[in-house]
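I have placed the structure first, in the form of structure tokens, so that the comments after it can refer back to it.
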Amino acid sequence: MRTIPLIAFLGLALAGPAAAEFTPMATAVPDSVPNGMNYQGRLEKDGFPVTGTRSMTFRLYDASTGGTALYTSGILAIPVQQGLFAANLDIPFGSLTGTAQKYLEIEVEGVVLSPR
């Protein structure tokens, strides 16, 4: 019976100093936080991975079909290697906020991929 209080005491003794070592950090200035997101994907054509630079346009919508475009990237030259690509999308923070779902549409070489 004496081991239970001893273990509890040791746990409290160890927890006290560790908690004191943490110090709160200042929050970031709102304009210092970068906009956007990094999108990574895999691109295939006729069942085979694509390699080479492709023209892509990314659009963010507030609905799965139709809806309002919240962001459009314009045409970007995206390198694709064995089907894999990454695009840094400079989506304004305001377009990403809120609890409503957002839908990303991707257009590759003039072809809109489906679904969003």
Side-chain angles (χ1 to χ4, degrees):
M1 289 196 158
R2 291 185 182 200
T3 58
I4 294 173
L6 180 60
I7 292 172
F9 175 74
L10 287 175
L12 289 174
L14 294 176
E21 294 176 17
F22 292 105
T23 57
M25 296 178 65
T27 58
V29 178
D31 291 337
S32 71
V33 178
N35 286 332
M37 62 182 245
N38 185 2
Y39 180 83
Q40 300 173 351
R42 179 172 167 85
L43 184 63
E44 295 182 351
K45 184 172 183 178
D46 300 324
F48 296 97
V50 172
T51 294
T53 301
R54 296 295 185 261
S55 297
M56 296 186 191
T57 302
F58 298 85
R59 297 177 190 93
L60 187 69
Y61 284 89
D62 60 359
S64 61
T65 59
T68 301
L70 305 172
Y71 163 80
T72 300
S73 69
I75 298 172
L76 304 175
I78 304 294
V80 184
Q81 183 65 36
Q82 296 180 355
L84 302 177
F85 69 90
N88 187 13
L89 307 176
D90 193 24
I91 301 172
F93 182 73
S95 297
L96 296 172
T97 59
T99 58
Q101 287 187 337
K102 310 294 191 286
Y103 299 85
L104 186 65
E105 178 179 274
I106 304 170
E107 182 178 328
V108 180
E109 305 276 316
V111 176
V112 176
L113 305 182
S114 181
R116 288 184 182 160

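Note that the structure is a prediction, hence the values are computed from the model and not measured. Hydrogens, waters and symmetry mates play no part in the numbers below; they use all other heavy atoms, side chains included.
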Rounded to the nearest 0.5 Å, the CD1 atom of I106 sits from the OH atom of Y39 at a distance of 3.5 Å
If you look at every heavy atom in F85 and P79, which pair is closest and at what distance?
-> CB-O, 3.6 Å
Report the residues that fulfil side chain to side chain contact (heavy atoms under 4.5 Å, CB included) with N88, sequence neighbours left out, ordered by chain and then residue number.
-> none
Between L76, I78, L43, which is the residue that forms a side chain to side chain contact (heavy atoms under 4.5 Å, CB included) with R54?
-> L43
Does CD in E44 sit with more than 12 non-hydrogen atoms of other residues, nucleotides or ligands closer than 6.0 Å?
-> yes
Single-linkage hydrophobic cluster, 4.5 Å side-chain cutoff, L60 and L113 together | yes
CE of M37 to CZ of F93, rounded to nearest 0.5 Å, is 14.0 Å
Rounded to the nearest 0.5 Å, what separation is found between the NZ atom of K45 and the OG1 atom of T51?
-> 13.0 Å
Check: L70 main-chain N/O paired with S95 side-chain donor or acceptor under 3.5 Å | yes
Identify whether L104 and L96 are in the same connected component of the hydrophobic contact network (ILVMFWY, side-chain heavy atoms under 4.5 Å).
-> yes
So do S73 and R59 actually touch side chain to side chain, heavy atoms under 4.5 Å?
-> no
With distance as the sole test, does K102 use its side chain to make a donor-acceptor pair with the main-chain N or O of T97 at under 3.5 Å?
-> yes
Identify the two heavy atoms, one from A77 and one from T53, that lie closest to each other, and give their separation to 0.1 Å.
-> CB-CG2, 3.8 Å
Are side-chain heavy atoms of L84 and Q40 found at a separation under 4.5 Å?
-> no
Across all chains, not counting sequence neighbours, the side chain to side chain contact (heavy atoms under 4.5 Å, CB included) partners of R116 are Y61, Y103, E105
Check: D62 side chain, G67 main-chain N or O, donor-acceptor pair, under 3.5 Å = no
Determine which pairs satisfy salt bridge (charged side-chain N to carboxylate O under 4.0 Å, His left out) with at least one residue from residues 69-83, sequence neighbours left out, and list them in order.
-> none
Kindly check if the number of other-residue, nucleotide or ligand heavy atoms within 6.0 Å of CD (Q82) is above 12?
-> no
Under 4.5 Å between any side-chain heavy atoms of M56 and V80, yes or no?
-> yes
